[in-house]
K.L.:
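I am attaching a structure below and will ask some questions about it afterwards.
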Amino acid sequence: MRKDVRILLVGEPKVGKTSLIMTLVSEEFPAVVPYRAEEITIPADVTPERVPTHIVDYSEAEQTDEQLYQEISKANVICIVYSVNNKKSYLCSPFTVCVCFRVPLILVGNKSDLVEHSSMETVLPIMNKYTEIETCVECSAKNLKNISELFYYAQKAVLHPTGPLYCPEKKE
Ligand code: GTP
Ligand code: MG
C-alpha cells in the first residue's frame, strides 16, 4: 500500500490551477487567488481511497524552471491544466518535461462554463499520442463542476494504474 499521493498541477498561466485547488478546499469559487496556493494535505479519512493526498500548485510567476523540475520529479501524478476556451493553452510548455518523467498524467480542461462545445475532439489526438495520459476531464472551478472528480481521478491513476506505465516489478 502507498503511504500517500502527491498531485502536482501544471499548465500555462491563468488557466485556473490555483482556483481549482482553492475551490476544492473551500467548496466555493474564490474571487481572488494568489499566484500559488500553499501545498495542502487532505487527510486519509476524507479521500475516496483513504490515502493522505498532497496537492501542489505551480506558478511560473513565482517559481523557477529548476523548482518546477524538482516538483515534477517528486510528483506521483501530474494534472496538466488547460483552459477550454484557449486553444493555445492545450499543450503547455512543461508538457514534454512531464512526459519524460513517466508519471501518470491527467488532462484537465478547466473553464467549461465559458464554452458550449467540448474540447474532447481536440485533446483526443493528444491522448492517443501520449500513453502517459491516464484520462482527461473537463471541469469548471467557477461552477464547481467535476472538481472532486478530477482529484479522485488523479488519486486513482496512482493507486490503480492502468496501461503501459504499470510495471509490477518496478512500481512496488
Ligand atoms: P497562474 O498562477 O498565473 O499560473 O494562473 P492559474 O492557472 O493559477 O489561474 P488562476 O487560478 O489564477 O485563475 C486565472 C483567472 O481565471 C482568474 O481570473 C480566475 O477567476 C479565472 N478562472 C479560474 N477558473 C475559472 C473557471 O472555471 N471559469 C471561469 N470563467 N474563470 C475561471
Ligand atoms: Mg496560480
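Indexing begins at 1, ligand by ligand and atom by atom, following the structure's order. Model, not experiment: these values are computed from the prediction. Any value given below was found using the heavy atoms of this structure, including those in side chains, with hydrogens, waters and symmetry copies removed.
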K.L.:
Given Glu12, Gln63, Lys111, identify the one with the heavy atom nearest to atom 21 (C) of ligand 1.
P.N.:
Lys111

K.L.:
Short list, please: which atoms of ligand 1 are under 4.0 Å from a heavy atom of Leu114?
P.N.:
30 (N)

K.L.:
For atom 26 (C) of ligand 1, is the nearest protein heavy atom closer than 4.0 Å?
P.N.:
yes

K.L.:
With a 4.0 Å cut-off on heavy atoms, does Gly11 reach ligand 1?
P.N.:
no

K.L.:
Mind checking whether Ile78 and Phe101 have side chains closer than 4.5 Å, heavy atoms only?
P.N.:
no

K.L.:
Can you find a pair of side-chain heavy atoms, one from Val103 and one from Cys98, that are under 4.5 Å apart?
P.N.:
no

K.L.:
Within 2.8 Å of the Mg ion (ligand 2), is there any N, O or S atom belonging to Thr18?
P.N.:
yes

K.L.:
Are Val25 and Tyr153 joined in one hydrophobic group, where the rule is that I, L, V, M, F, W and Y side chains link up if heavy atoms are under 4.5 Å apart?
P.N.:
yes

K.L.:
Identify the closest protein heavy atom to atom 3 (O) of ligand 1: which residue and atom is it, and at what distance?
P.N.:
Lys14 NZ, 3.1 Å

K.L.:
State the OG1-CG distance between Thr135 and Leu150, to the nearest 0.5 angstrom.
P.N.:
10.5 Å

K.L.:
Who's closest to atom 24 (N) of ligand 1 heavy-atom-wise, of Thr18, Asn110, Val32?
P.N.:
Asn110

K.L.:
At a non-hydrogen distance cut-off of under 4.0 Å, which region of Val81 contacts ligand 1 (side chain, backbone, both, or neither)?
P.N.:
neither

K.L.:
For ligand 1, which atoms sit closer than 4.0 Å to a heavy atom of Lys142?
P.N.:
26 (C), 27 (O), 28 (N), 29 (C), 30 (N)

K.L.:
Quick one: look up the protein heavy atom nearest atom 9 (O) of ligand 1 and list residue, atom name and how far away it is.
P.N.:
Gly16 N, 3.0 Å

K.L.:
Who gets closest to atom 12 (O) of ligand 1 by heavy atom: Asn85, Val33, Thr23?
P.N.:
Val33

K.L.:
Checking Tyr90 side chain against Ser83 main chain: does a donor-acceptor pair fall under 3.5 Å?
P.N.:
no

K.L.:
What about Asp57: any of its N or O atoms under 3.5 Å from an N or O on ligand 1?
P.N.:
no

K.L.:
If you measure from the Lys or Arg side-chain nitrogens to the Asp or Glu carboxylate oxygens, is any gap between Glu39 and Arg6 under 4.0 Å?
P.N.:
yes

K.L.:
Within the structure, does Ala141 bring an N/O atom to less than 3.5 angstrom of an N/O atom in ligand 1?
P.N.:
yes

K.L.:
Find the distance between OG (Ser89) and CG (Asn110) and round it off to the nearest 0.5 Å.
P.N.:
9.5 Å

K.L.:
Is there a donor-acceptor pair under 3.5 Å between the side chain of Lys3 and the backbone N or O of Pro52?
P.N.:
no

K.L.:
Tell me the protein heavy atom at minimum distance from atom 17 (C) of ligand 1, and give that distance in Å.
P.N.:
Ser19 OG, 4.7 Å

K.L.:
For the CG atom of Leu24 and the CD1 atom of Ile21, what is their distance to the nearest 0.5 Å?
P.N.:
8.5 Å

K.L.:
Looking only at protein heavy atoms, identify the closest one to atom 7 (O) of ligand 1 and say how far it is in Å.
P.N.:
Lys17 NZ, 2.7 Å

K.L.:
Once you round to the nearest 0.5 Å, how far does CD1 of Ile55 lie from CD1 of Ile7?
P.N.:
5.0 Å

K.L.:
Tell me which protein heavy atom sits closest to atom 2 (O) of ligand 1, plus the residue, atom name and distance to 0.1 Å.
P.N.:
Tyr35 O, 2.8 Å

K.L.:
Return yes when at least one N/O/S atom of Tyr35 is nearer than 2.8 Å to the Mg ion (ligand 2), and no when none is.
P.N.:
yes

K.L.:
Please indicate whether any nitrogen or oxygen in Val15 is less than 3.5 Å from any nitrogen or oxygen in ligand 1.
P.N.:
yes

K.L.:
In ligand 1, which numbered atoms sit nearer than 4.0 Å to a non-hydrogen atom of Asp113?
P.N.:
26 (C), 27 (O), 28 (N), 29 (C), 30 (N)

K.L.:
Hey, are Glu138 and Ser112 close enough side-chain-wise for a donor-acceptor pair under 3.5 Å?
P.N.:
no

K.L.:
Can you find a heavy atom in the side chain of Phe95 that is under 4.5 Å from one in the side chain of Val97?
P.N.:
no

K.L.:
Which residue supplies the protein heavy atom nearest to atom 20 (O) of ligand 1, what is that atom called, and how far is it?
P.N.:
Phe29 CZ, 3.3 Å

